[in-house]
Protein chains: 2
Amino acid sequence: MSTAKNYKPTESELEILGILWEKGAGTVREVHEILEKSKDAGYTTTLKLMQIMHEKGLLKRDTSSKTHVYEAAISQESTQQQLLTKMIDTVFNGSATQLVMQALGNHRSSQEELDKIKQYLNEIEQQQKK
Amino acid sequence: MSTAKNYKPTESELEILGILWEKGAGTVREVHEILEKSKDAGYTTTLKLMQIMHEKGLLKRDTSSKTHVYEAAISQESTQQQLLTKMIDTVFNGSATQLVMQALGNHRSSQEELDKIKQYLNEIEQQQKK
DNA sequence: ATTTGTTTACGAAGATATTCGTAGATCATA
DNA sequence: TATGATCTACGAATATCTTCGTAAACAAAT
C-alpha cells in the first residue's frame, strides 16, 4: 500500500492542497470559493474530491461540528520534494542543475531574489567544505 | 483543439519522451527495452502508447520500413518549461526562487555545478542591467 | 410546524489513461 | 513452401480521475 507520504496527488488534488497550504484549515465551502476563481466546478465536486483525499490520507478533518473542517495532512515541503525529484528524473535527465538553470532563465527573478539565491549557494558551499 | 505544443503529456508519455530525448529516434522495441528496466509492462502496451502519442502529435514516425522508427515531436526544453511553470504555480506559490532553492537544497550538486549556476546568475544580472 | 438553505453521504455517469490479447502482415531461414 | 520470429493494428477490458445529481440530516427563519 502507498502511504500518504509517497502518494502522488493528482492535478485536482494539488489545487486543493495548494489552497489549504496557503490558508491553513478550512471548510469545503471556503476551499470551493477559492477554487471557483480559477476553475469552474460544482460544490459537490469539490466536496467529493476532499472526501476522497481524506480517505487517501491527504487531508485530515475535524468532524466535531456539522460543517467539517479540513486540513492538509502532508506538508508542502515534502510534496515539493517528491514532485521535484520525479521531474528531475524524468524530464531533466536527472540533473537538478539543469532544472535550476531552466527555472532561472525563464522566470524573471528580481535582483533581491537573485541575491537570496546567491547567498543560499554560499551557504551550501560552506557546508560542503566541512 | 490542443496542439502538441501545449498538450500536457501523461506520466507514461513523459517516460517515453524522456527515453527518446536521450537516445534520439528509436523503434518500439528499443524504447520498450529501456522502459522495462524501470517499469514492467508488455511490449504491446508500449507499442500502443507510442501509437497514441503519434496520433496526439507527441511523436513523429517513419513508416518507410516495416519496423517503424519514432522520434519526439516536441522539444525537451519547451516541455520542461511548461511543466516548470505549472509546478511553480500550483506547488511553489508562484515563486521560481522557492523552487530553485528547494532543488538546490535537496539534490546534492557538485562544486562544479554550483559554479556553473553562479556564473549563470551573473549573466542574468548583466542582462538585467542593460 | 413548515419552509428554506446548507451540509454530508452515496452512487453512478463520463472522461481519460493504461494494459494487454489476438489477428494479420512481413520477413528470414530451414 | 512451411515454420517461427517480429512487427503493426485493432478492440476491448480495466483502472483511475472527475463531475454531479439526489437524498437525508440538520439548523435557522418564518
Side-chain angles (χ1 to χ4, degrees), chain A residues 1-2 4 6-20 25-71 79 83 86 90, chain B residues 1-4 6-20 25-71 74 79 83 86 90:
Chain A
M1 224 220 36
S2 86
N6 62 13
Y7 177 80
K8 187 178 183 293
T10 66
E11 203 52 40
S12 302
E13 288 171 347
L14 272 182
E15 285 171 357
I16 289 174
L17 280 170
I19 290 171
L20 289 173
T27 65
V28 174
R29 171 79 38 201
E30 288 166 350
V31 170
H32 178 64
E33 256 152 29
I34 296 174
L35 203 54
E36 263 186 327
K37 291 177 195 161
S38 57
K39 190 190 188 181
D40 85 340
Y43 173 81
T44 53
T45 300
T46 305
L47 170 66
K48 181 69 167 188
L49 270 174
M50 290 176 72
Q51 286 172 338
I52 290 173
M53 288 172 75
H54 174 249
E55 278 171 26
K56 287 179 177 174
L58 292 174
L59 300 183
K60 289 180 282 195
R61 74 173 170 184
D62 174 353
T63 58
S64 59
S65 60
K66 184 199 165 196
T67 304
H68 301 176
V69 177
Y70 291 79
E71 191 178 353
T79 306
L83 295 179
K86 180 90 187 184
T90 61
Chain B
M1 226 225 27
S2 86
T3 64
N6 61 12
Y7 177 81
K8 188 180 182 294
T10 67
E11 202 53 40
S12 302
E13 288 171 348
L14 272 182
E15 286 171 356
I16 289 173
L17 280 171
I19 290 170
L20 288 173
T27 65
V28 174
R29 171 82 36 204
E30 287 166 349
V31 170
H32 179 63
E33 258 153 28
I34 296 173
L35 203 55
E36 262 186 326
K37 291 177 196 162
S38 57
K39 190 189 189 181
D40 85 342
Y43 174 81
T44 53
T45 300
T46 305
L47 170 67
K48 182 71 167 187
L49 270 175
M50 290 175 73
Q51 286 172 339
I52 290 173
M53 288 171 77
H54 174 249
E55 278 171 25
K56 287 179 177 173
L58 292 174
L59 300 184
K60 288 180 283 195
R61 74 173 169 183
D62 174 354
T63 59
S64 60
S65 59
K66 183 200 165 196
T67 304
H68 301 177
V69 177
Y70 291 79
E71 192 177 354
I74 61 176
T79 306
L83 294 179
K86 181 87 186 185
T90 61

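Just so it is clear: chains get the letters A, B, ... in the order the sequence lines come, proteins before strands, and each one is counted from 1.
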OP1 or OP2 of [N] sitting under 4.0 Å from any side-chain N/O of [X]?
X       : N      : answer
A:Tyr43 : C:dT8  : yes
B:Thr45 : C:dC20 : yes
A:Lys66 : C:dG5  : no
A:Arg29 : C:dT7  : yes
B:Ser12 : C:dT18 : yes

Between [N] atom [atom2] and [X] atom [atom1], what is the distance in whole Å?
X       : N      : atom1 : atom2 : answer
B:Lys39 : C:dT18 : NZ    : P     : 7 Å
B:Glu15 : C:dA17 : CD    : P     : 15 Å
B:Lys56 : C:dT18 : NZ    : P     : 8 Å
B:Glu13 : C:dA17 : CD    : P     : 7 Å
B:Leu47 : C:dT19 : CG    : P     : 14 Å
B:Lys8  : C:dA15 : NZ    : P     : 20 Å
B:Met50 : C:dC20 : CE    : C1'   : 17 Å

Would you check if the side chain of [X] reaches a backbone N or O of [Y] as a donor-acceptor pair within less than 3.5 Å?
X       : Y       : answer
B:Glu55 : B:Ile52 : no
B:Thr45 : B:Ala41 : no
B:Thr27 : B:Glu30 : yes

- [ ] In plain terms, say whether A:Arg61 and A:Glu71 are close enough for a salt bridge, that is, a side-chain N and a carboxylate O under 4.0 Å apart.
- [x] no

TODO: For B:Leu20 and B:Tyr70, work out which heavy atoms get closest and say how close.
DONE: CD2-O, 4.0 Å

TODO: Please tell me if the side chains of A:Leu17 and A:Leu59 come closer than 4.5 Å, counting only heavy atoms from C-beta onward.
DONE: yes

TODO: Between A:Leu49 and B:Arg61, name the one whose nearest nucleotide on DNA chain D is closer to the 5' end.
DONE: B:Arg61

TODO: With a 4.0 angstrom cut-off to heavy atoms of chain A, pull out the first and last contacting nucleotide of DNA chain D, in 5'-to-3' order.
DONE: D:dC17 to D:dC26

TODO: Select base, sugar-phosphate, or nothing to describe what A:Gln51 touches, counting heavy atoms under 4.0 Å on all strands.
DONE: base

Open item on the list: Within the 4.0 Å heavy-atom criterion, would you say B:Thr44 contacts the bases, only the backbone, or no part of the nucleic acid?
Closed with: base

- [ ] Kindly indicate, with the supporting measurements, whether the criterion side chain to side chain contact (heavy atoms under 4.5 Å, CB included) is fulfilled by A:Met50 and A:Ile16.
- [x] CA-CA 8 Å; A:Met50 290 176 72; A:Ile16 289 174; 3.9 Å; yes

